[in-house]
Structures are given as structure tokens and as C-alpha cells.
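The shown structure was predicted, so the numbers you read here are calculated from the model rather than taken from an experiment.
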2 protein chains.
Amino acid sequence: MADHVSGKWLQRAGLAQRTGCNLETIRYYERIGMMPDPPRTASGYRIYDDSHVARLRFILRARELGFAIEQIRGLLDLVDCGAQTCAEVKERTERHLADVRAKIADLRRIEKVLASTAALCSGDEVPECPVLDALAS
Amino acid sequence: MADHVSGKWLQRAGLAQRTGCNLETIRYYERIGMMPDPPRTASGYRIYDDSHVARLRFILRARELGFAIEQIRGLLDLVDCGAQTCAEVKERTERHLADVRAKIADLRRIEKVLASTAALCSGDEVPECPVLDALAS
DNA sequence: CTACAGTCTGTAGCAACTACAGGCTCAAGA
DNA sequence: TCTTGAGCCTGTAGTTGCTACAGACTGTAG
């Protein structure tokens with residue numbers, strides 16, 4: 001049980017540290033089947049290797065780019081089957097990109113309303129407020 | 001029990017219809033204390049009037065502008081106490097605006113990465129894909 | 001030999017809803 | 001008058017993506 005110190009394999013904390021992933025999130029990904037059930041030591045401790053590091057990094061990068069868990073699962077399924085094609089992945093990426101752009105558009109609309117309404121505020125210690133008026137109207 | 005038809009007061013579905021709010025969401029807002037517990041008919045049906053319509057619209061508008069429930073609760077608390085000042089509301093609005101702008105910045109970073117990576121894709125029926133490479137790297 | 005850090009499991013909580021199931025009530029048509 | 005069906009009631013579970021705990025066990029260092 002000292003090989004995880006010598007670096008031959010990793011325990012959960014090691015995987016977390018190598019990937020920047022939260023400790024509990026690893027277990028969560030295993031539970032929902034994004035990460036495989038890892039082999040165990042005789043006493044039940046999880047054993048990870050570089051393949052786990054790579055897969056978890058893939059998931060985390062995709063999450064950083066805003067892909068939903070189910071979308072990432074889809075990508076991983078493709079790759080796991082060796083069935084991925086650049087055409088398919090590109091299409092999925094562009095669909096996701098469209099979602100991202102829609103969210104940006106939503107937020108920019110919100111930003112405009114907030115900024116223009118707040119700009120009407122006197123900022124004085126008075127009860128009347130254009131922001132409240134806008135919300136109540 | 002016919003006054004809600006004549007328009008003197010509203011039942012839950014009427015309030016939902018007047019505000020565009022989902023039926024169940026009304027009950028949810030009552031449960032978490034954003035909306036007051038409404039008076040009831042003898043048989044337990046909720047009774048709403050214009051004050052409920054106004055308050056619910058306030059909440060829904062604020063939600064549309066991305067305010068979190070707790071922020072809205074804060075604004076409503078101010079107003080309910082008559083303690084609101086334009087200065088205070090402006091400050092809260094600008095804090096929220098900063099959050100919105102941060103989210104936009106995040107999404108734009110994501111958008112750039114997605115767009116530039118997808119642009120590298122051949123889109124062909126080949127297994128190699130720049131998007132997958134970027135995620136795996 | 002004993003601390004104590006690390007791991008294990010199951011479960012509960014977060015935001016902000018949404019959607020049932022199973023039981024009442026009310027108004028309208030036969 | 002009776003019945004049908006829509007609408008209301010309550011409690012609870014599901015959603016997404018984690019995060020955090022409690023209580024038990026294990027492994028290592030002093």
C-alpha cells in the first residue's frame with residue numbers, strides 16, 4: 001500500500017490533486033458512470049492510473065467549456081466505441097456553441113436593462129428608485 | 001365561490017395566467033416566503049388580489065433580470081419595511097450587474113475557444129478531431 | 001501502541017423550480 | 001338530482017452538477 005506514494009498509482013486524493021478536481025466530485029462521476037468503477041486494493045481503496053487522469057481531465061475541460069454532463073457522456077461514448085468522427089464532434093460542438101451564444105445574448109440584454117436603469121438612479125437617500133419602479137411596473 | 005369568475009379575486013390559475021407564472025411556482029414562492037400565505041375560502045382555496053399580482057410580477061421581473069431569489073427577497077424586505085433608498089437599491093443593482101458582466105466574460109471566453117477550435121475541424125468522416133484533441137490535451 | 005490523516009459508504013443539501021399522485025370541491029349538463 | 005370533469009388541495013420526488021457531512025474503517029508515523 002505504498003505504491004501510491006512512489007507514484008505507480010494514485011488514490012482518490014492524488015487523482016484530485018493531479019486534475020484539480022474536487023475529491024467528492026470524483027466519486028460523483030463514478031456514480032453517474034462518467035468515470036469507470038476503478039479497481040480497488042484489498043481493503044477497498046480506489047486505485048487510479050494515468051488513464052483515469054486523462055479521462056477526468058477530458059471531463060473537466062469539457063465542463064469548463066460549458067458542455068453539459070450528458071453531452072460529455074455522449075462524446076465519451078463516441079470515443080469509447082472508436083465511433084467518433086470529426087464531422088459528428090464538430091456538429092455537436094457547434095450546437096453547443098449556439099447555446100453559449102444564446103446565453104450571451106440573454107445576459108447582454110439583461111446587462112443593458114440593468115445598466116440603463118441603474119443609470120437613472122439618483123443614488124440619494126430617498127425612497128423613490130427607478131430600479132424598483134422598473135420592477136414594479 | 002363565483003367571485004373569481006366575476007373578477008373580484010383570483011384563484012391560483014388566475015394569478016398564474018395574469019402574471020405568466022407557472023402554477024406550481026406560485027406555491028413554491030409561498031413555501032419559501034417570497035409570497036405571503038394568501039387568505040383562503042372556507043374549503044381551503046387560495047384567494048389572491050391585485051397586491052399579489054403586483055408582488056409576483058415584481059419577483060418575476062427581477063428573476064428575468066437574473067437576480068437570485070435571495071437578492072429579490074432582500075429587495076422585497078427593504079420595500080416591505082419602507083426602508084428602501086435609491087442609494088441602497090442602486091448599489092445592489094450594480095453588484096448584480098457586475099455578476100452579470102462576469103458571466104458574460106466567462107461565456108465569451110468559452111465562445112472564443114469553441115469557435116476557434118471548431119474552425120480547425122475538417123468536418124470529415126475521420127476519427128481525428130481538433131476538438132477532441134483540445135479536450136484531451 | 002496509539003494518534004491521526006486518509007479512505008470508505010450512504011445520504012442530505014444547494015438553486016429554482018417543475019411535475020406528479022391521490023384526494024377534495026365546485027359548477028355545469030343530462 | 002346526479003354525475004362528470006375541471007380545477008384545487010397537499011406532500012413529495014425529480015431536475016443539474018455538484019458539495020459536504022456522519023460514522024466507520026485503514027494505514028502510517030512517531
Side-chain angles (χ1 to χ4, degrees), chain A residues 1-6 9-35 37-48 52 56 58-74 76 96 99 103 106 110, chain B residues 1-6 9-35 37-48 52 56 58-74 76 96 99 103 106 110:
Chain A
M1 188 79 187
D3 281 350
H4 78 280
V5 174
S6 70
W9 49 272
L10 297 166
Q11 290 189 341
R12 195 145 56 104
L15 181 58
Q17 201 247 302
R18 284 266 287 261
T19 56
C21 186
N22 177 290
L23 199 61
E24 298 289 305
T25 304
I26 293 170
R27 207 156 60 94
Y28 168 69
Y29 286 156
E30 286 168 9
R31 200 166 62 245
I32 64 172
M34 299 286 289
M35 291 289 290
D37 278 352
R40 307 278 183 138
T41 66
S43 57
Y45 283 27
R46 290 167 174 81
I47 294 174
Y48 300 106
H52 298 97
L56 184 50
F58 184 102
I59 295 169
L60 295 173
R61 289 238 169 75
R63 288 292 300 134
E64 277 170 23
L65 291 178
F67 283 98
I69 291 286
E70 288 311 309
Q71 295 176 307
I72 300 170
R73 193 196 299 278
L76 285 169
H96 174 51
D99 285 353
K103 273 189 196 138
D106 274 359
I110 289 173
Chain B
M1 187 78 188
D3 281 348
H4 79 279
V5 175
S6 71
W9 50 271
L10 296 165
Q11 291 189 341
R12 193 145 60 103
L15 181 60
Q17 202 246 303
R18 284 267 287 262
T19 57
C21 187
N22 177 289
L23 198 62
E24 297 290 305
T25 303
I26 294 170
R27 207 157 60 95
Y28 168 68
Y29 285 155
E30 286 168 9
R31 200 164 64 244
I32 65 171
M34 300 287 288
M35 291 288 289
D37 279 351
R40 306 280 182 137
T41 66
S43 57
Y45 283 28
R46 289 168 176 82
I47 295 173
Y48 299 106
H52 297 97
L56 184 50
F58 185 102
I59 295 169
L60 294 173
R61 289 239 169 76
R63 288 291 302 134
E64 278 170 21
L65 291 178
F67 282 98
I69 291 284
E70 289 310 309
Q71 295 176 306
I72 300 169
R73 193 196 298 278
L76 285 169
H96 173 52
D99 285 353
K103 272 187 197 139
D106 275 359
I110 289 172

Would you list the protein and nucleotides 19-23 of chain C atom pairs, both N or O, that sit under 3.5 Å from each other?
residue : atom : partner : partner atom : Å
C:dA19  : N7   : B:Glu24 : OE1          : 3.2
C:dA19  : N6   : B:Glu24 : OE1          : 3.4
C:dC20  : N4   : B:Glu24 : OE1          : 3.1

Which residues pass the salt bridge (Lys or Arg N to Asp or Glu O under 4.0 Å) test with [X], not counting sequence neighbours?
| X | value |
| --- | --- |
| B:Arg61 | none |
| B:Arg63 | none |
| A:Glu30 | A:Arg46 |

Looking at residues at least two apart in the chain, or sitting in another chain, which of them share a side-chain contact (heavy atoms from CB on, under 4.5 Å) with [X]?
| X | answer |
| --- | --- |
| B:Ile47 | B:Trp9, B:Pro39, B:Thr41 |
| B:Tyr28 | B:Arg31, B:Ile32 |
| B:Glu24 | B:Arg12, B:Asn22, B:Arg27 |

Just to be sure I understand the rule, does A:Phe67 reach a base, reach only the sugar-phosphate, or reach nothing, if contact means heavy atoms closer than 4.0 Å? nothing
Starting at the 5' end of DNA chain D, which residue's closest nucleotide do you reach first, A:Ala68 or B:Tyr48? B:Tyr48
A:Arg46 vs D:dT26: side-chain N/O to OP1/OP2 distance below 4.0 Å: no
Taking only the side-chain nitrogens and oxygens of B:Thr25, find out if one of them lies under 4.0 Å from OP1 or OP2 of C:dC17. no
Helix axis bend for the helix from C:dC1-D:dG30 to C:dA30-D:dT1 - C1'-based end axes, five pairs, 10° rounding: 30°
A:His52: what forms a side-chain hydrogen bond (donor to acceptor under 3.5 Å, both in side chains) with it, not counting sequence neighbours? A:Asp49
